[in-house]
Every structure is written in C-alpha cells, then in structure tokens.
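Here's the structure we're looking at; comments come further down.
Computation of the quantities below employed the complete heavy-atom set of this structure, encompassing side-chain atoms and omitting hydrogens, waters and symmetry-equivalent molecules. Nothing fancy with the numbering, it's 1 onward along the sequence.
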Amino acid sequence: MSGHVRRTVIVAVVGIAAAVLSFLSAGPASAHGFSSTVYAKIAAGDEGHIRTTLELEYDLLVVSAADSGDDDPLFQAGTAAFEAEDTAGQAAALKTHADSTIRYVTDRFSVTSKGAACRPGQVGDATIGEREGVPYADLLLDWTCPEQADEHEVRSGLFADGEGYVKGTKTIVTYEIDGRSGSAALDAANPSFSTGQAAYERFREFFLLGAEHLLSGIDHILFLLALIAGSRRLREIVLAATSFTLAHSVTFMLAALGLVDVPARVVEPVIALSIAVVAGWHLWGIWRRGDHATDLDPAGRGHFSLDRSGWIRLGVVFCFGLVHGLGFAGALGIDEAWSWTLLWSLLVFNVGIEVVQLAIIAVVFPLLIVLQRRTPKIGLWATGAVSGAVSIMGLVWFVQRVSGS
C-alpha cells in the first residue's frame with residue numbers, strides 16, 4: 001500500500017473516531033432508551049371474565065404512575081429498589097402503591113364489549129420478571145364486561161409520548177379469545193384492535209412494525225452500511241444481503257417461537273462486534289491492497305464468480321446474521337408455542353425488515369458504484385471512511401454492552 005493512501009486512511013479514521021467518540025460522550029441511554037415495549041396476553045378468564053396479563057418496564061411504570069397520581073412515596077420507594085436491583089423491594093413498592101399503579105394502567109389500557117367499557121380488577125399482587133435484561137412488572141387483571149359478545153376491542157395508550165419519558169411505545173398483544181387466536185401490534189398511530197379484525201389488518205401492523213424496527217435500529221443499519229461499503233460488485237452485495245436474510249430469518253423465527261433462547265447479554269455484544277468486524281474487514285483490505293482493494297482475485301474465482309475472500313466474507317456474514325435474528329426476535333418479545341397465526345405475523349414482521357433493507361441497498365449501492373467508477377480513489381476513501389466510522393461505533397458499543405455501562 002502506498003504511503004500516501006495509508007496516511008489518508010489513518011487521518012480519515014482518526015478524524016471519524018474523534019467525531020464518533022464526541023457523539024457518544026453523553027453516555028449510554030437509560031434502561032428503556034428512546035422507546036418501550038409493553039407485552040399483553042389476553043384470554044378467557046373464570047366466570048365470563050376477560051383476563052389480561054400485562055408486562056411493563058418496571059422503572060418506567062414507577063415514574064409514570066407516580067407522576068400521574070402525584071404519588072411521591074411510590075417514586076422514592078420504587079426507584080430506590082430499582083437502583084439497588086432489589087426484586088423483592090420492587091414488588092413491595094408496587095404492592096404498597098397498588099392503587100396508583102393500577103389506576104395509571106387501567107386509565108390507559110382498556111377492554112370494551114359492544115362499545116361498553118369492561119370493568120378491571122387486579123388479581124393477586126404484581127410480580128417482577130425480566131426481559132432483555134430489564135426488570136418488568138407483571139400485572140394480572142380480570143375484566144368484567146356488561147354484555148357478552150363474540151368480539152372485543154382492546155386499546156392501549158400506555159407510556160404515551162406526551163408524558164415525556166419515551167419517544168414511542170409499542171404494545172405487542174397475543175390473544176386467544178372469542179374463538180380466535182392471533183397477535184397485534186399497537187402504537188400511537190394504531191392504538192386499538194378488535195379480536196374480530198381481518199387478517200390483512202393484523203399483518204399490516206406487523207409489516208409496519210418490522211419496517212420501523214429496522215429504521216430505528218441504528219446497529220442493524222450500520223451493519224448493512226458496512227456490507228454495502230465492503231462489497232466490490234453488485235453480485236457481492238446481493239449474495240451478502242441474501243445470506244444475511246436467510247440466516248437472521250432462521251434464528252428470528254426459532255427465537256420468536258420460543259424454540260431458541262439466548263440471553264440478550266450475549267446477543268447484543270455480539271451484534272456490536274459483528275458491526276466492527278464486517279466494517280473492519282474492508283479497512284483491512286484497503287490497508288493491504290491500497291488502490292487494488294476492490295479488485296477480484298482472478299485465480300480464485302469459483303461459484304457465483306466469488307473469489308476466496310468473497311466466500312469467506314459471505315460465511316462471516318451468514319454467521320453474524322444468525323445472531324442478528326436473535327436481536328430482531330427480542331424486539332417482539334414473543335415466545336409463544338407454535339401456532340400458524342403467530343407464525344404468519346412473524347413472517348410479515350420479517351418481510352417489513354427485508355423491504356427496508358432492500359430499499360437502503362437500492363439507494364446507497366448504485367451511488368457508491370457511480371462514485372467508484374468516476375473517481376476510483378475518492379470512492380475508495382469514501383468507503384474506507386464509512387467503514388472506519390462504523391467499525392469504531394461497533395467497538396464502542398461492544399465495550400459498553402460487555403461492561404453493562
């Protein structure tokens with residue numbers, strides 16, 4: 001590699017590193033970050049009741065309920081137990097302040113029958129569980145409806161954006177009631193659903209949820225940008241994207257259906273490391289081969305016109321794709337037993353992810369090819385700069401996620 005190109009790469013990477021570290025200097029996000037997910041299971045209860053099991057982020061529930069009910073003792077006791085990671089103390093705080101907690105939840109989550117509101121009642125005390133390494137409060141509610149009906153409407157406005165604690169909240173619902181079973185995804189734009197809704201309505205919700213998840217998941221987007229920057233030919237990015245899709249689809253479906261369970265504390269650091277490795281792969285190629293980094297090895301061309309380096313990269317992408325699938329599944333938090341209805345919802349969620357992924361490739365890769373053909377050196381440096389930024393970001397995230405900071 002020429003000294004000029006090497007110095008250029010070093011300067012670019014150092015400059016980008018400074019920008020990235022400056023961006024991250026504010027520190028990591030809070031436990032629930034910019035968004036939150038509520039999980040609701042709905043089934044028929046005893047004596048004609050509708051039973052709902054709600055899982056909500058504990059710290060967010062405490063802050064929101066205390067603020068809504070002007071209950072400072074709940075805030076003090078609840079946050080102290082949260083910071084001490086005292087599960088028993090967290091449950092005790094919710095039990096002592098059950099009125100404020102249940103009032104907050106039932107003011108924002110409701111079940112209706114033929115347009116008439118069903119009356120909620122708490123069953124037992126709240127318990128504490130965990131999702132993705134974050135404490136969740138589990139609430140069991142029985143709803144008494146004034147009229148019997150063959151379909152019910154469920155509405156969720158929990159942790160609304162206007163409360164100022166989150167940017168957006170998704171409520172993932174699974175239900176088996178009224179002779180039907182299925183799932184739904186609720187948010188501020190689509191806050192309610194009916195158990196009698198058509199299949200296309202349910203699938204539309206999960207398609208949008210998948211698309212939004214990829215767009216809001218900066219780590220997955222950076223991984224995709226690393227793939228694009230390091231691809232030398234259209235054939236390579238198509239094969240890499242296909243490999244990634246196949247891999248994450250397999251583990252996504254297995255994990256979401258509860259057949260595979262890998263802790264988030266393992267999945268998230270590996271996702272961050274995958275970003276750094278795939279981006280660093282291209283930087284290493286530039287370092288070793290300079291202006292010839294994008295050239296194929298004519299002696300090693302095999303199936304699909306890939307050389308040895310291309311095949312190794314494809315295998316690495318596939319392996320990391322398996323891990324990213326576990327991350328996609330974590331976004332839904334569904335671990336139900338096998339059902340065709342749920343399976344189709346998960347597939348549609350995955351399709352939403354793929355559509356956005358292909359759209360990004362369709363926009364970015366042609367621009368990169370045009371740049372590389374018109375001004376090869378600038379194109380090479382541009383991909384090196386992108387790979388440097390992405391690699392540094394991945395390494396910083398890896399350290400943060402391993403250390404738990």
Side-chain angles (χ1 to χ4, degrees), residues 32 36-66 68-69 71 74 77-78 81-82 86-113 116-132 134-146 148-149 151-159 169-186 191-193 195 258 332-337 339 342:
H32 49 75
S36 182
T37 304
V38 175
Y39 303 96
K41 295 180 181 179
I42 304 174
D46 299 330
E47 301 177 359
H49 292 148
I50 305 299
R51 173 157 293 186
T52 60
T53 304
L54 295 175
E55 299 177 60
L56 313 95
E57 282 192 65
Y58 171 80
D59 62 328
L60 187 55
L61 174 61
V62 165
V63 172
S64 300
S68 175
D71 190 345
L74 168 59
F82 174 75
D86 178 6
T87 302
Q90 294 167 10
L94 294 182
K95 180 179 180 180
T96 302
H97 301 273
D99 288 346
S100 296
T101 303
I102 299 302
R103 186 182 308 114
Y104 172 82
V105 172
T106 55
D107 280 349
R108 292 158 179 79
F109 185 92
S110 63
V111 179
T112 59
S113 173
C118 302
R119 188 177 70 255
Q122 185 177 11
V123 179
D125 297 324
T127 58
I128 305 298
E130 184 177 293
R131 281 185 178 270
E132 302 296 312
V134 177
Y136 263 72
D138 300 341
L139 304 178
L140 194 62
L141 301 173
D142 270 356
W143 302 77
T144 304
C145 300
Q148 297 296 318
E151 65 180 76
H152 294 80
E153 182 181 74
V154 177
R155 178 175 293 271
S156 179
L158 289 162
F159 308 136
T169 301
K170 299 289 185 184
T171 300
I172 306 299
V173 183
T174 55
Y175 60 91
E176 188 171 353
I177 192 175
D178 302 329
R180 307 177 183 89
S181 63
S183 49
L186 308 181
S192 66
F193 83 100
T195 57
L332 286 182
I334 296 176
D335 54 2
E336 297 295 312
S339 76
L342 178 58

- Note on the structure: When rounded to the nearest 0.5 Å, the distance separating CG of Asp59 from CD of Gln90 is 9.0 Å

- What one should report as the nearest heavy-atom pair of Cys118 and Pro146 is CA-CD, 4.3 Å

- Query: Should Asp99 and Asp71 count as side-chain neighbours, where that means a heavy-atom distance under 4.5 Å?
  - Reply: no

- pair Arg131-Thr37: side-chain heavy atoms closer than 4.5 Å: no

- Query: Are any side-chain N or O atoms of Tyr58 and backbone N or O atoms of Gly78, one a donor and one an acceptor, separated by less than 3.5 Å?
  - Reply: yes

- Query: Can you tell me how far the OG1 atom of Thr174 sits from the NZ atom of Lys41, to the nearest 0.5 Å?
  - Reply: 6.0 Å

- Heavy-atom side-chain proximity of Arg108 to Ser64 below 4.5 angstrom: no

- Distance col, row Leu140:CG vs Arg51:CZ, nearest 0.5 angstrom, shows 4.5 Å

- Task: Quick one: pull up OH in Tyr39 and OG1 in Thr53 and give me the separation to the nearest 0.5 Å.
- Result: 15.0 Å

- Task: Show your reasoning for whether side-chain contact (heavy atoms from CB on, under 4.5 Å) applies to Leu61 and Val105.
- Result: CA-CA 9 Å; Leu61 174 61; Val105 172; 3.9 Å; yes

- Item | Flag side-chain contact, heavy atom, 4.5 Å: Thr52 against Phe109 | yes

- Query: So does Gln122 have more than 12 non-hydrogen atoms from other groups sitting under 6.0 Å from CD?
  - Reply: yes

- Query: To the nearest 0.5 Å, how far apart are CD in Glu153 and CZ in Phe193?
  - Reply: 9.0 Å

- Message: Nearest 0.5 angstrom please: Ile42 CD1 to Thr195 OG1, how far?
- Response: 8.5 Å

- Query: Which heavy-atom pair separates Thr112 from Ala117 by the least distance, and what is that distance?
  - Reply: CG2-CA, 3.9 Å

- Item | Shortest non-hydrogen separation from Ala137 to Leu94 and the atoms involved | CB-CD1, 3.6 Å

- Query: Under the side-chain contact (heavy atoms from CB on, under 4.5 Å) criterion, do Glu57 and Tyr136 qualify, and how do the steps go?
  - Reply: CA-CA 4 Å; Glu57 282 192 65; Tyr136 263 72; 3.4 Å; yes

- For the student: nearest non-hydrogen atoms of Asp138 and Gly129, plus distance: OD2-N, 4.0 Å

- Message: To check you understand the geometry: which heavy-atom pair defines the closest contact between Val62 and Leu74, and what is its length?
- Response: CG1-O, 3.7 Å

- Here the pair of heavy atoms bringing Thr171 nearest to Ala40 is CG2-CB, 4.4 Å

- Message: Between Thr169 (side chain only) and Phe159 (backbone N and O only), is there a donor and an acceptor less than 3.5 Å apart?
- Response: yes

